[in-house]
Amino acid sequence: MSAKVISGIETAKAIREELKNEVAGLKEKYNITPGLVTVLVGEDPASQSYVTAKNKTAHALGIHSEQVTLAADISESELLKLIENYNNNPEIHGILVQLPLPKHIHEAKILHAIRPDKDVDGFHPVNVGNMVLGEKCYLPCTPHGILELLTRSGVKTSGAEVVVIGRSNIVGKPISNLMMQKREGGNATVTVCHTRTKDIASHTRRADILIAAVGVPKMITVDMVKEGVVVIDVGVNRIGKTVDGKAILAGDVDFEGVREKASAITPVPGGVGPMTITMLMKNTVQAARQAHNLP
Ligand code: L34
């Protein structure tokens, strides 16, 4: 059996169509244009490509979007000042500071400076806390995108054995929390594996749904999964370059091997990545609504 390939591109397209209509409606009915600012510090090629894609997508949906690009040696206080300006700018509903930041900048300090109601990444402790409590908040974009991929492809999560590999603040921690919550798309039994896990394969082999967010190319091989598993591959690893200089990407999962045993699998590229960008758009539209006290 060969797995159904869950297309992030197609799912993202459908959600973007919905958002485009919503943005047009906000404009028509209330003369509101959602506004986003993306802040990129330094010249990391991957970050550059993600931030460019975020701005392009915003424009395509009718969202106002500004990109601020700063030198890698900008001081922490200058970056804080910039955030403060956008915190007070009523045209901007969402602020995103692309991670990772250069070493001399204290990441938490920056993320804490973003007003929680403009924190469309869902990284501020207020949003993280509300997420854990199951209260209204901005869900972090990648986990939010994973939930949408699962529900829109009809994957049942209630009672499922979910195994998450990776415990980062941006993927592993939030997705494992969301999937165990008493909510639609949750109610799973969740195991989290990480670098200190004794025998990762003994866990992954039990998984009905396997979520790999490690950053090690092709780490999950066919012998590590059970027949019929649903695989969500969050890894976007740059493993080389083509002759014309384009990055060659690989996921955390050995796609060609694992697809023979899985019932469904997300590809890289074209899986979770496009969903991350789309959920940022969704959060930005939500932020604009909230700023104007719309439901
Ligand atoms: N603040 N920093 C902040 N928010 C985020 O949500 C992110 N993330 C992660 C890195 N830092 C962040 C992203 O935007 C990862 N990430 C991200 C976004 C988009 C894609 C991958 C990672 C994506 O579109 N990937 C394409 C391939 C693009 C390429 O060619 O490089 C894909 O199809 O997977």
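These values consider heavy atoms only, across backbone and side chains, with no hydrogens, waters or symmetry-generated copies. One-based numbering, in listed order, for ligands and for the atoms of each. Numbers for residues simply follow the sequence, beginning at 1.
At least one heavy atom of Leu249 sits less than 4.0 Å from an atom of ligand 1. Using a non-hydrogen distance threshold of 4.0 Å, Ser49 registers as a contact of ligand 1. Ligand 1 is never approached by Ala46 to a heavy-atom distance shorter than 4.0 Å. The closest approach between Asp121 and ligand 1 falls below 4.0 Å for a heavy atom of the residue.
Aromatic pair His292/His93: ring centres closer than 6.0 Å.
Scanning the protein for heavy atoms near atom 16 (N) of ligand 1, the closest one is Tyr50 CD1, 3.9 Å. Protein heavy atom nearest atom 31 (O) of ligand 1, with residue, atom name and distance: Arg238 NH2, 2.7 Å. Protein heavy atom in closest approach to atom 9 (C) of ligand 1: Ile170 CD1, 3.8 Å. Ranking protein heavy atoms by distance to atom 2 (N) of ligand 1, first place goes to Leu99 N, 3.0 Å.
Distances below 4.0 Å separate heavy atoms of Ile277 from the following atoms of ligand 1: 19 (C), 24 (O).
Between Val236 and ligand 1, not a single N/O pair is under 3.5 Å apart. The distance criterion of under 3.5 Å between nitrogen or oxygen atoms is not met by Pro100 with respect to ligand 1. Looking at ligand 1, you'll find an N or O of Gln98 within less than 3.5 Å of one of its N or O atoms. For ligand 1, none of its N or O atoms has an N or O atom of Thr276 under 3.5 Å away.
In summary, the side chains of Thr221 and Asp254 do not present any donor paired with an acceptor at a separation below 3.5 Å, with no hydrogens or angles considered.
Residue contacts with ligand 1, taken as heavy atom pairs separated by less than 4.0 Å, involve Val97 solely via the backbone atoms N, CA, C and O.
Checked by atom type and distance alone, the side chain of Lys118 never pairs as donor or acceptor with a backbone atom of Ile95 at under 3.5 Å. Here the side chain of Asn283 pairs a donor or acceptor atom with the backbone of Leu139 at under 3.5 angstrom. Side chain of Thr38 to backbone of Leu96: no donor-acceptor contact under 3.5 angstrom is found.
Summarising the contacts of atom 13 (C) of ligand 1 with Gln48, Lys54, His144, the nearest heavy atom is found in Lys54. Scanning Gly270, Pro45, Pro267, Gly273 for the heavy atom closest to atom 33 (O) of ligand 1 points to Gly270.
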Query raised in the report: Which is it for Val128 and Lys173 under the side-chain contact (heavy atoms from CB on, under 4.5 Å) test, yes or no, and what are the steps along the way?
Result: CA-CA 10 Å; Val128 177; Lys173 272 187 210 164; over 6 Å; no
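Not counting sequence neighbours, Asp44 has no partner by the salt bridge (Lys or Arg N to Asp or Glu O under 4.0 Å) test.
The shortest distance between side-chain heavy atoms of Gln98 and Tyr50 falls below 4.5 Å.
Counting heavy atoms of neighbouring residues, nucleotides and ligands inside a 6.0 Å radius, atom CD of Gln48 exceeds 12 of them. The 12-atom threshold is not exceeded at NZ of Lys56, counting heavy atoms of other residues, nucleotides or ligands nearer than 6.0 Å.
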